[in-house]
There are 2 protein chains.
Amino acid sequence: MTSVLRMTEQRRIILEELRKLRTHPTANEVYEIVRRRLPRISLGTVYRNLEILSETGMILKLEMAGTQKRFDGKTENHYHVRCLGCGRVDDVAIEPISLIDSALDGVSDYRIVWHRLEFMGFCPKCQFNMNGVLKNNSKDYLGNNH
Amino acid sequence: MTSVLRMTEQRRIILEELRKLRTHPTANEVYEIVRRRLPRISLGTVYRNLEILSETGMILKLEMAGTQKRFDGKTENHYHVRCLGCGRVDDVAIEPISLIDSALDGVSDYRIVWHRLEFMGFCPKCQFNMNGVLKNNSKDYLGNNH
DNA sequence: CTAACTGCAAAGGTTTTGCTTCTGG
DNA sequence: CCAGAAGCAAAACCTTTGCAGTTAG
């Protein structure tokens, strides 16, 4: 019934690279990185492995603001902060607030399992670069990717 | 410099329909709905208007878990709850917790502007239907759309 | 051995864009 | 009027899939 996972070289290297990174790459970024070690790997293989690795819980699939899925080698539940200027995503060094899950008790019919909290703001670099730019880029406020 | 927005019939009807809905349709769903009143409207026009309306703040663009963008005629900042079973998205009837924005004070270099909080759980219908299904669909837990 | 996996290429689905015509103000 | 918008179709993206050959265990 349950199929046996094989640790192929491709899968192992994808996992290794993902765990090295502090960023949250898209599938294509993973492909570019892994390709430096495995020049003949295909993008399809990267997609298939990211899918499988996240199904098994070995990595995290982040489906956040923006169109492209991003992946994270860190699997503990944690929060992210996204820069409204450049789209950069960082981890946040605070513990998940489990109290939040009960905020809907008695308010909603849903049975809450967990929550996703994403902070939106400006990274240090963009705070520096963004004098007067903001009003012309209002669309970026809602989470465009780049 | 700043271009003048025209309230065309297409734009007005998109806005009207979006404000009527309690759901959070995708661009294509908006297209299907609006088409009942404007059979000749094109999908491209719907996309362009959803983009413009969200830039001006008349609607909200939700770029959440899952691939497709969804849109919301309600513009006040509010939270959403997403069903892990069927992908349905509902509004949550609690006030945004502004205290959350200061959770990163002293922890992160980012200047936080706002936050997005999304609850994940099971809607009443899926709670009912989901006896024993869960373990076989573990991939759905991370936010797949359907 | 053989089920799981890979590379490749093609298909699918969503969103954007170029172009010509039309229209709101 | 005429800048902004619409319709249409093609292009651009991102992701998934079918298939034939390869490989981990």
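When reading the values below, keep in mind they use all heavy atoms of this one structure, side chains included, and skip hydrogens, waters and symmetry mates.
Nucleic acid contact class of A/R11 (heavy atoms, under 4.0 Å, all strands): sugar-phosphate only. A/R48 comes within 4.0 angstrom of a nucleotide base, judged by non-hydrogen atoms across all strands.
Judged by atom type and distance alone, B/R6 reaches the base of D/dG4 through a side-chain donor-acceptor pair under 3.5 Å.
For the pair B/T45 and D/dG7, the criterion of a side-chain N or O lying under 4.0 Å from OP1 or OP2 is met. Considering only side-chain N and O atoms, A/Q10 lies under 4.0 angstrom from the phosphate OP1 or OP2 of C/dG7. Contact annotation: A/Y47 side-chain N/O to D/dT16 OP1/OP2 distance is not under 4.0 Å. Between A/N28 and D/dT15 there is no side-chain polar atom (N or O) within less than 4.0 angstrom of OP1 or OP2.
The pair A/E51-A/R48 does not meet the salt-bridge criterion, since no charged nitrogen lies less than 4.0 angstrom from a carboxylate oxygen. Contact check on A/R19 versus A/E16 returns no salt bridge, with no Lys/Arg side-chain nitrogen under 4.0 Å from an Asp/Glu carboxylate oxygen. A salt bridge links B/K20 with B/E17: at least one charged nitrogen is closer than 4.0 Å to a carboxylate oxygen.
Atom OH of A/Y110 is separated from atom CZ of B/F119 by 12.5 Å, given to the nearest 0.5 angstrom.
In this structure, the CD atom of A/E51 is 17 Å from the P atom of D/dC14, given to the nearest Å. Atom CD in B/E9 sits about 17 Å away from atom P in C/dC22, given to the nearest Å. Taking atom CZ of residue A/R40 and atom P of nucleotide D/dT23, one finds them 11 Å apart after rounding to whole Å. Here D/dG4 presents its C1' atom at 14 Å from CG of B/L53, a figure rounded to the nearest Å. Look at OH on B/Y31: it is 16 Å from P on C/dT16, rounded to the nearest Å. Remark: P of C/dT14 and NZ of B/K61 are 17 Å apart, rounded to the nearest angstrom. Going from atom CG of A/N49 over to atom C1' of D/dT16 covers 14 Å, rounded to whole Å. The distance between atom CZ of B/R12 and atom C1' of D/dA5, rounded to the nearest whole Å, is 15 Å.
Minimum atom distance to the side chain of A/L43 is reached by D/dT15, of the listed D/dT15, C/dG7, C/dT15.
The same ILVMFWY cluster, assembled from side-chain heavy atoms under 4.5 Å apart, contains both A/L43 and A/I14. Hydrophobic clustering keeps B/Y47 apart from B/L5 (ILVMFWY residues linked when any side-chain heavy atoms are closer than 4.5 Å, directly or through intermediates).
If B/T8 and A/M7 are placed on DNA chain C by their nearest nucleotide, the residue sitting closer to the 5' end is A/M7.
Against DNA chain C, the stretch residues 32-39 of chain B makes no heavy-atom approach under 4.0 Å.
Ring geometry for B/H80 versus B/H24: interplanar angle over 60°, hence perpendicular rather than tilted (30 to 60°).
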